[in-house]
Amino acid sequence: MARIESSFPDFGYLDSLASRDSPIHRLDPRVKLLTTLLFIVCVVSFDRYALSPLLPFAIYPVVLLTLAKLPPGYLLRKLLLASPFALCIGIFNPLFDRAILLHVGSLEISGGWISLASIMLRFVLTVAAALILVASSGFDSLCLALARLGAPAAFVVQLLLLHRYLFVLGDEALRLARARAQRSFGRHGIELPVVASLLAQLLLRTLDRAQRIYLAMKCRGFDGELRLLRPLRIGATDLCFLIGWTAALLCLRFVGPAPMIGRAIGGMSW
Amino acid sequence: MVTRPVVEVSDLRHAYADGTSALRGVSFQVGDGERLAIVGANGAGKSTTLLHLAGCLLPQAGSVRIAGLPLCRDTLAPLRRCVGLLFQNPDDQLFMPRVFDDVAFGPLNLGLPADEVRTRVMHALAVVGATHLAQRQPHRLSGGEKRAVTIAAVLSMSPTILLLDEPTAALDPRSRRQLIELLQTLGQTIIVATHDLDLVLDLCPRTLVLGEGSVIADGASGIILRDEALLAAAHLEKPLRLQSCPVCRGVSGQAASGCHSSNRV
């Protein structure tokens, strides 16, 4: 249970990163959201054996990370934490797809291994981009951006409440876990009946709280629509960012950097 | 005593879905600008009464009138405008990502123009002394700060009646004192449900004692809070300030000097 205690403050850290200041932080959240979405679509749209065309896309997270002055170590740790999920998706590819696609010297590499590597590469790129998006904008600004871009109100309200009460729920889970540890006298491991009743407790408390929050919202005139009073303005810098990255990403996706570089070098030598 | 009643509760009854009857015929009136304390044991029906006054529950029998309007499904919207309810746990009430958004939540739902909302929010935050918290996230506030912000969030809707459910619970003594001082400066009609009888002594000239869903006593706080038999029947104790000093109790004649010297030791 110590794991809950040590991993929980991390959420708060992601939020505190968002309150820093940098050229990337100052951009309109809508612009960052759209660019990140385009980046993700570009990265996942390659065919399943794609590896080398994906590599140049690393430029996007690297540039943003540097400009936003975010700590790379923290993001790497987060990536590592989420990596088992991606690994689960691709882990059986080498077993099923045994057709040899590549010879490196005497080493024969099957399609399965290549597609697994491709999945992991896509995972690193897309999740890094998403993490950078949240760390440089803040969760609530992103929800606002979603609302302004026309996402359904119910969806945005759910996301906002999820983020707000993640901390409250986390505290509650922490208290339950401590209360359990207090009386389990150092016994480790997962005792299923105990965990089940802890989870049930948590669910019941959450339902109660949801009821009270709903009452509190009704008392202040909530009618299903969330109104936020925050000015969002897209300026010249925002437009440059959006247009610049859209052009760059589309180039990487459809033209590929190799012919461009080749042409450039060729042009110089002639 | 009661001038123009803004709250009229008559023979209010309520039973929860599991059959527990929470209110068995409660009647009282509250005048404009009056400050009333509702006290009683756990489960006496304090919170249920407040939830009715806020329009969160509808009367199953009996009636509730607020500012002359009877409480029913059709009048909920106008009634909620003039009543502000403070929940016991501030976390239930601070659901927006930033303090500013939370205080602006009510006024924005009233459909006020943006400038008016901004003025109201900053004014409400200034009243509770929380202007510097405007851009903070609610989960990073202290208990006292959360309480102050929930009051601002309710004040920004300019209600005429404030309902407070255990406002001093889980506050440290200094935050509690600041809260009491703040509440004393407000001009609204205030109804407080609480176990903190010292708070009642400071804030509310009138006290209503509930026991097992009915009114046991209703009258001046100064008299009710001295009535030990009545308080005991309602599972309460005399406010600490009205109890004799535990140190000098029994030392007749030299109470004051005895008390002071032992405090210094």
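Numbered from 1 within each chain, the chains take letters A, B, ... in sequence-line order.
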Completion exercise
Ranked by heavy-atom pairs below 4.5 Å to chain B, first place among Asp223(A), Ile213(A), Asp140(A) goes to Asp140(A)
Has [X] got more than 12 heavy atoms of other residues, nucleotides or ligands less than 6.0 Å from its [atom1]?
| X | atom1 | answer |
| --- | --- | --- |
| Ile59(A) | CD1 | no |
| His123(B) | NE2 | no |
| Tyr16(B) | OH | yes |
| Glu8(B) | CD | yes |

Heavy-atom distances under 4.5 Å only: say whether [X] touches chain A with side chain, backbone, both or neither.
| X | value |
| --- | --- |
| Ala77(B) | neither |
| Leu86(B) | neither |
| Gln135(B) | neither |
| Phe95(B) | both |
| Leu85(B) | side chain |

Exercise for the section: Under the side-chain contact (heavy atoms from CB on, under 4.5 Å) rule, what do His139(B) and Asp171(A) come out as? Steps first, then yes or no, please. Expected result: CA-CA 10 Å; His139(B) 63 264; Asp171(A) 279 349; over 6 Å; no
Exercise for the section: Taking the side chain as every heavy atom from C-beta outward, state whether Lys218(A) and Leu76(B) have any atom pair closer than 4.5 Å. Expected result: no
Practice task
Rounded to the nearest 0.5 Å, what's the gap from CG on Asp208(A) to CG on Asn89(B)? Could you check?
Solution key: 11.5 Å
Handout entry: Arg136(B) CZ to Ser19(A) OG distance, which is reported to the nearest 0.5 Å
Key = 11.0 Å
If you take all heavy atoms of [X] and [Y], which pair is closest and at what distance?
| X | Y | answer |
| --- | --- | --- |
| Arg220(A) | Ala153(B) | NH1-CB, 3.3 Å |
| Cys56(B) | Cys219(A) | SG-SG, 3.4 Å |
| Pro97(B) | Leu160(A) | CG-CD2, 3.7 Å |

Handout entry: Test: Arg212(A) and Asp91(B) ion pair at under 4.0 Å
Key = no
Practice task
Anything under 30° is parallel, anything over 60° is perpendicular, the rest tilted; go ahead and classify Phe222(A) against Phe105(B).
Solution key: parallel
Problem - Structural part of Tyr165(A) lying under 4.5 Å from a heavy atom of chain B - result: side chain
Exercise for the section: Under 4.5 Å, counting heavy-atom pairs only, tell me which of Gly84(B), Gly106(B), Ala104(B) racks up the most with chain A. Expected result: Gly106(B)
